[in-house]
Amino acid sequence: MKAAIFDGSPTLRLTDLPIQEPGPDEVLIRIDSATICGTDQHILEGKFWAKPPVVLGHEFAGFVERVGERVQNCRPGDLVSVEPHVYCGCCKPCRLGKPHLCLDRLAWGINLNGGFEQYATVRMDTVYQVPEGIGPEEAALGEITGCCMHGIDRVGVELGDLVVILGGGAAGLILARLAELRGAARIVISEPNAARREQIRAFGYPDVVDPLNEDLAARIGALTDGLGADVVIEAAGRAETAAQAVELVCHGGRVLFFGVAAPGTMAAIEPNRIFAREITVVGSIRNPYTHHRVMEILPRLRLKDIVTHRFPLENVAEAFDAAHRGEGLKICIKPNG
């Protein structure tokens, strides 16, 4: 089968790999859709760790080809979404019920072969049935949607909240959808990319700000009589937006650091502001126990149009170039055409 291998260099290498037959507790999946995550780009840029040689791609879905003898949660032909993390179960975070903070975590697409290949063999406990009416591309968004759901859980969006999202990429839009379902009264999205701003409006969010040419603080002040937003979500992974998030939130408000900033990035934040306004600042990482909930709610999220670009596996380098340029929202690799 064809696969795109990360070998430590800044570009993926196309190669042939044998198909791994499933063991007793494993599932062989014919991959239909695998979407590019910002983490995949950071790995190629040398900003995040992966274990080469490895097939990247941790957001993927496909059709069950074969199953091991003990597998009962799916059968050949089923469309399934994969939650890519494998936890040790023995470290302190795992034993405290926080496996997403596992000290010995493994993940398909990081140190186990992931979705940028034609077939993947994964553990049965990471495979989830996809609801009727949902296609493979939406199903491939299960992992990022689960991460967004964990973030919304952490920051505690409430009925009537004004929510500001800094960064209007795919994650920003999914966060907006989830905040809306949680009862946010108004959602403001800040996004410097003009094409993305138009896509955000098309998704039904008219309050879009161009932070390069508009005063976001003034806009939020006008909407809140100068009080600030109830919730601010940093979804860009940048030092300046991390600092801005704390400036935009109201007294007693909540800030979520969701965007993935490169390790070592520092932000200038005034501690006294957090103290004096009793601001709650939380982070969120990965998707603990959210994938099942995502599959339940996926039909209501209307995420189909978030995938804007599609490339065959042979054009994976072109796909990553498009992602690096910020084209579209989510870019999807189609390993089997």
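Just so we're clear, the structure is a prediction, and the values are computed from it rather than from any experiment.
- Checking side-chain atoms of Thr290 against main-chain N and O of Gly146 turns up a donor-acceptor pair under 3.5 Å.
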Show your reasoning for whether salt bridge (charged side-chain N to carboxylate O under 4.0 Å, His left out) applies to Asp161 and Arg182. CA-CA 9 Å; Asp161 279 345; Arg182 286 286 291 263; over 6 Å; no
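- Under a cut-off of 6.0 angstrom, the local environment of NZ in Lys2 is sparse, with at most 12 non-hydrogen atoms contributed by other residues, nucleotides or ligands.
- Between Phe48 and Pro263, the shortest heavy-atom contact is CZ-CD, 3.6 Å.
- Following chains of ILVMFWY side-chain contacts shorter than 4.5 Å, one cannot reach Val80 starting from Leu141, and the two form parts of different hydrophobic clusters.
- Ile31 places none of its side-chain heavy atoms less than 4.5 Å from the side chain of Phe63.
- Atom CG of Leu298 is separated from atom OG of Ser81 by 8.0 Å, given to the nearest 0.5 angstrom.
- No donor-acceptor pair under 3.5 Å is formed between the side chain of Thr241 and the backbone N or O of Gln244.
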Steps toward side-chain contact (heavy atoms from CB on, under 4.5 Å) verdict (Val67, Cys74): CA-CA 8 Å; Val67 300; Cys74 62; 4.1 Å; yes
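- Within a 6.0 Å radius of CD in Glu21, other residues, nucleotides and ligands contribute more than 12 heavy atoms.
- The SG atom of Cys148 lies 6.5 Å from the CG atom of Leu178; values are rounded to the nearest 0.5 Å.
- Atom OG1 of Thr11 and atom CG of Asp7 lie 7.0 Å apart (nearest 0.5 Å).
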Please lay out, stage by stage, how His251 and Leu227 fare under the test side-chain contact (heavy atoms from CB on, under 4.5 Å). CA-CA 7 Å; His251 288 73; Leu227 296 176; 5.8 Å; no
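- The shortest distance between side-chain heavy atoms of Val294 and Met149 falls below 4.5 Å.
- For the pair Phe116 and Phe60, the minimum side-chain heavy-atom distance is 4.5 Å or more.
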Using side-chain contact (heavy atoms from CB on, under 4.5 Å), reason through Val54 and Asn111 one step at a time and then give a plain yes or no. CA-CA 6 Å; Val54 68; Asn111 42 24; 5.5 Å; no
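- A single hydrophobic cluster is seen to contain both Ile36 and Phe6, as judged by linkage of ILVMFWY side chains at heavy-atom distances under 4.5 Å, directly or through other members.
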Could you check Ser33 against Lys334 for side-chain hydrogen bond (donor to acceptor under 3.5 Å, both in side chains), going step by step and ending with a plain yes or no? CA-CA 5 Å; Ser33 301; Lys334 308 289 280 188; 2.9 Å; yes
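- Here the closest non-hydrogen pair linking Val255 and Val155 is C-CG2, 4.1 Å.
- Applying the ring-ring contact (aromatic ring centres under 6.0 Å, His included) rule to pairs touching residues 166-194 yields nothing, sequence neighbours excluded.
- A salt bridge is defined here as a Lys NZ or Arg NE, NH1 or NH2 lying under 4.0 Å from an Asp or Glu carboxylate O, and Glu296 with Arg293 fails to meet this definition.
- By the 4.5 Å heavy-atom criterion applied to side chains, Arg30 and Asn336 are counted as neighbours.
- Not a single donor-acceptor pair under 3.5 Å links the side chain of Asn315 to the backbone N or O of Glu318.
- Both Met124 and Val64 sit in one connected hydrophobic cluster of ILVMFWY residues. Membership requires side-chain heavy atoms under 4.5 Å apart, directly or through other members.
- Distance check: Glu278 CD to Arg254 CZ gives 12.5 Å after rounding to the nearest 0.5 Å.
- Remark: the Arg177 side chain and the Tyr205 side chain contain an N/O donor-acceptor pair separated by less than 3.5 Å.
- In this structure, the side chain of Asn113 engages the main chain of Val55 through a donor-acceptor pair within 3.5 Å.
- Between Val163 and Asp230, every side-chain heavy-atom pair lies at or beyond the 4.5 Å cut-off.
- When atom types are taken as modelled, the side chain of Asp25 and the backbone of Arg70 share no donor-acceptor pair closer than 3.5 angstrom.
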Might you work through the side-chain contact (heavy atoms from CB on, under 4.5 Å) test for Leu223 and Leu162, ending with a clear yes or no? CA-CA 9 Å; Leu223 291 174; Leu162 187 149; 4.1 Å; yes
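- Residues Val27 and Pro22 approach most closely at N-CB, 4.1 Å, considering heavy atoms.
- Tyr87 and Leu103 fall into different hydrophobic clusters, where Ile, Leu, Val, Met, Phe, Trp and Tyr side chains are chained together by heavy-atom contacts under 4.5 Å.
- Note that the CG atom of Leu56 and the CD atom of Glu117 stand 10.5 Å from one another [nearest 0.5 Å].
- Counting heavy atoms from C-beta on, the side chains of Ser284 and Leu256 come closer than 4.5 Å.
- Between the side chain of Glu234 and the main chain of Gly237, a donor-acceptor pair closer than 3.5 Å is present.
- Side-chain atoms of Arg196 do not come within 3.5 Å of backbone N or O of Gly168 as any donor-acceptor pair.
- For the atom pair His58 NE2 and Thr39 OG1, the distance stands at 5.0 Å (nearest 0.5 Å).
- A 4.5 Å side-chain heavy-atom check between Arg95 and Cys90 finds at least one atom pair inside the cut-off.
- A donor-acceptor pair under 3.5 Å is formed between the side chain of Thr121 and the backbone N or O of Gln20.
- A chain of hydrophobic side-chain contacts below 4.5 Å, direct or via other Ile, Leu, Val, Met, Phe, Trp or Tyr residues, connects Val127 to Leu106.
- Between Leu12 and the choices Ile5, Leu313, Leu44, the side chain to side chain contact (heavy atoms under 4.5 Å, CB included) rule is met once, by Leu44.
- The aromatic rings of Tyr128 and His292 lie tilted to each other, with the angle between the two planes from 30° to 60°.
- For His150, the ring-ring contact (aromatic ring centres under 6.0 Å, His included) criterion is met by His100, not counting sequence neighbours.
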Go through the steps for Arg286 and Glu143 under the test salt bridge (charged side-chain N to carboxylate O under 4.0 Å, His left out), then give the verdict. CA-CA 8 Å; Arg286 303 188 189 104; Glu143 193 271 348; over 6 Å; no
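- Cys91 is listed as a side-chain neighbour of Cys102, based on a closest heavy-atom distance under 4.5 Å.
- Contact record, Arg273 with Ile279: O-CD1, 3.7 Å, taken as the closest heavy-atom pair.
- Residues in residues 71-90 take part in no salt bridge (charged side-chain N to carboxylate O under 4.0 Å, His left out) pair, two or more places apart or across chains.
- Listed here is the closest heavy atom pair of Glu137 and Cys332: CG-SG, 4.2 Å.
- Here the side chain of Arg197 pairs a donor or acceptor atom with the backbone of Glu191 at under 3.5 angstrom.
- When each of Val307, Leu301, Asp305 is tested with Leu303 by the rule side chain to side chain contact (heavy atoms under 4.5 Å, CB included), just one qualifies, namely Leu301.
- Across all their heavy atoms, Ile220 and Leu248 have their closest contact at CG2-O, 4.3 Å.
- The one candidate from Ile152, Ile187, Ile189 that meets the side chain to side chain contact (heavy atoms under 4.5 Å, CB included) condition with Ile233 is Ile152.
- Judged purely by atom type and a 3.5 angstrom limit, Thr265 has no side-chain atom pairing as donor or acceptor with the backbone of Ala261.
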